[in-house]
Number of protein chains: 2
Amino acid sequence: MTSRETNPNFMNGVPELLILRLLNEKEMYGYELVQAIRERTDAVVAVGEGVVYPVLHGLESDGALKSRRKTVNGRSRIYYSVTARGSRRLADLSETWTNLAGAIHRMLMGGQSAEAV
Amino acid sequence: MTSRETNPNFMNGVPELLILRLLNEKEMYGYELVQAIRERTDAVVAVGEGVVYPVLHGLESDGALKSRRKTVNGRSRIYYSVTARGSRRLADLSETWTNLAGAIHRMLMGGQSAEAV
DNA sequence: CCACCATACCTTGTAATTCGATGTATTGCA
DNA sequence: TGCAATACATCGAATTACAAGGTATGGTGG
């Protein structure tokens, strides 16, 4: 059980997904991610620092992210970016999410009649 | 803390949502729900009895569901159907889910460019 | 008649997440 | 000087979902 071998909660991992998605575009630091997620989702998703930092640490120790320190305006920041492994993880989570959202959407919209293929 | 007053996990409650959705069409019993969810989602969502029964009990004690016993072929079943309160809950959860899925979808699809309003 | 599988209900322990609160330290501004 | 924003971090509590197991009945095949 290095990490996520067992069947995880099929719902969770959304913060992880969003973080990977953002970092896949450009390197960012934790505090920035917290605000970016809030802004980009119009506050529909609002994860706190208590969520973001542990996820970042977990992803890094899994080799999905790499980090580098950088001091800007006397502010010490830790910038994260995705590795090849992180890219794969992002693709995986992305697909899983899309399938899940699709299935649920179909159930919510679709009537009780048998679906046409 | 009657039940869900605090800010819950923004992700959870999908089993609850699906169960309410199915029961809103016609009354069903637990065992039937387990199979219906599996079939209707092509096994993308596969909740077990250990998930369904506690949710049913919780919803009933919250007044969102009502139940009646019925014996069919010597099989004793407990059929559940949604109350007015359950209908409201379904509408709420439905909207919350739609917002959430929409926000995430936008993040997954949308590029880094500033979104046009 | 017995064994077995499907039906039908239920509970318990465990694992994984997420959340809120809190703590530290620095910078800039009033 | 004091306060807000920045930037990192961790802890405890709560919620949830899951797997596994437990009970009981009915039908079917040997």
Side-chain angles (χ1 to χ4, degrees), chain A residues 1-19 27-39 43-62 65 67-80 93 96-97 100 104, chain B residues 1-19 27-38 43-62 65 67-80 93 100:
Chain A
M1 308 79 188
T2 19
S3 46
R4 292 165 193 79
E5 293 302 285
T6 58
N7 187 15
N9 249 354
F10 68 90
M11 281 305 309
N12 298 333
V14 167
E16 186 175 316
L17 170 60
L18 297 185
I19 287 169
E27 64 173 8
M28 295 174 87
Y29 55 99
Y31 194 79
E32 187 183 8
L33 283 165
V34 171
Q35 300 170 318
I37 291 175
R38 197 185 316 260
E39 284 163 21
V44 172
V45 182
V47 295
E49 301 170 54
V51 171
V52 166
Y53 288 116
V55 169
L56 287 174
H57 299 159
L59 286 173
E60 183 173 25
S61 70
D62 281 358
L65 294 181
S67 67
R68 68 189 183 102
R69 296 199 110 79
K70 207 170 146 187
T71 297
V72 179
N73 291 337
R75 286 264 152 62
S76 179
R77 298 170 177 170
I78 305 177
Y79 281 86
Y80 292 88
L93 288 178
T96 300
W97 170 262
L100 180 67
I104 294 175
Chain B
M1 312 79 184
T2 21
S3 45
R4 293 165 192 77
E5 292 303 286
T6 58
N7 185 14
N9 248 353
F10 66 90
M11 281 304 308
N12 297 334
V14 167
E16 187 174 315
L17 170 60
L18 297 184
I19 288 169
E27 63 174 8
M28 295 174 87
Y29 54 99
Y31 195 80
E32 189 183 7
L33 283 164
V34 171
Q35 300 169 319
I37 290 174
R38 197 186 316 262
V44 172
V45 182
V47 295
E49 297 166 58
V51 171
V52 167
Y53 288 115
V55 169
L56 288 175
H57 300 157
L59 285 174
E60 184 174 25
S61 69
D62 280 358
L65 295 181
S67 67
R68 66 189 184 102
R69 296 200 108 80
K70 208 169 144 188
T71 298
V72 179
N73 293 335
R75 287 266 151 62
S76 179
R77 297 170 178 170
I78 304 176
Y79 282 85
Y80 292 89
L93 288 177
L100 179 67

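Hydrogens, waters and symmetry mates are skipped; everything else that's a heavy atom, side chains included, is used. Here is the naming used below: chain letters follow the sequence lines, and residue numbers restart at 1 for every chain.
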To check you understand the geometry: which heavy-atom pair defines the closest contact between [X] and [Y], and what is its length?
| X | Y | value |
| --- | --- | --- |
| Ser76(A) | Thr71(A) | CA-OG1, 4.2 Å |
| Met28(B) | Leu33(B) | SD-CD2, 3.8 Å |
| Leu56(B) | Gly30(B) | CD1-CA, 3.8 Å |
| Glu49(A) | Pro54(A) | O-CD, 3.8 Å |
| Glu16(B) | Val55(B) | CA-CG1, 4.0 Å |

Is [Y] close to [X] at the side-chain level, that is, under 4.5 Å between some pair of heavy atoms?
| X | Y | result |
| --- | --- | --- |
| Tyr31(B) | Val52(B) | no |
| Leu100(B) | Val45(A) | yes |
| Glu32(A) | Tyr80(A) | no |

Whole angstrom is fine here: how far is it from [atom1] in [X] over to [atom2] in [N]?
| X | N | atom1 | atom2 | answer |
| --- | --- | --- | --- | --- |
| Leu100(A) | dA17(D) | CG | P | 12 Å |
| Lys70(B) | dT7(C) | NZ | C1' | 16 Å |
| Arg77(A) | dC8(D) | CZ | P | 8 Å |
| Leu33(B) | dC10(C) | CG | P | 12 Å |
| Glu32(B) | dC10(C) | CD | C1' | 18 Å |
| Ile37(B) | dC18(D) | CD1 | P | 10 Å |
| Leu93(A) | dA16(C) | CG | C1' | 15 Å |
| Arg68(B) | dA8(C) | CZ | C1' | 17 Å |

Check: protein-nucleotides 27-30 of chain C nitrogen or oxygen pairs below 3.5 Å:
from, atom 1, to, atom 2, distance (Å)
dT27(C), O4', Arg75(A), NH2, 3.0
dT27(C), O2, Arg75(A), NH2, 3.3

Using only side-chain N and O atoms of Gln35(A), determine if any of them is under 4.0 Å from OP1 or OP2 of dT6(D).
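Yes, such a contact exists.
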Taking OP1 and OP2 of dC8(D), is either one under 4.0 Å from a side-chain nitrogen or oxygen of Tyr31(A)?
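No, because none of the side-chain N or O atoms of Tyr31(A) sits under 4.0 Å from OP1 or OP2 of dC8(D).
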Can you name the atoms? Protein N/O to nucleotides 9-12 of chain D N/O, anything below 3.5 Å, with the distance.
from, atom 1, to, atom 2, distance (Å)
dA9(D), OP2, His57(A), NE2, 3.0

Nearest to the side chain of Pro15(A), which nucleotide is it out of dC9(C), dA17(D), dT18(C)?
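Nucleotide nearest to Pro15(A)'s side chain: dT18(C).
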Electrostatic pair Glu27(B)-Arg68(B), nearest N-O below 4.0 angstrom
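Arg68(B) and Glu27(B): salt-bridged.
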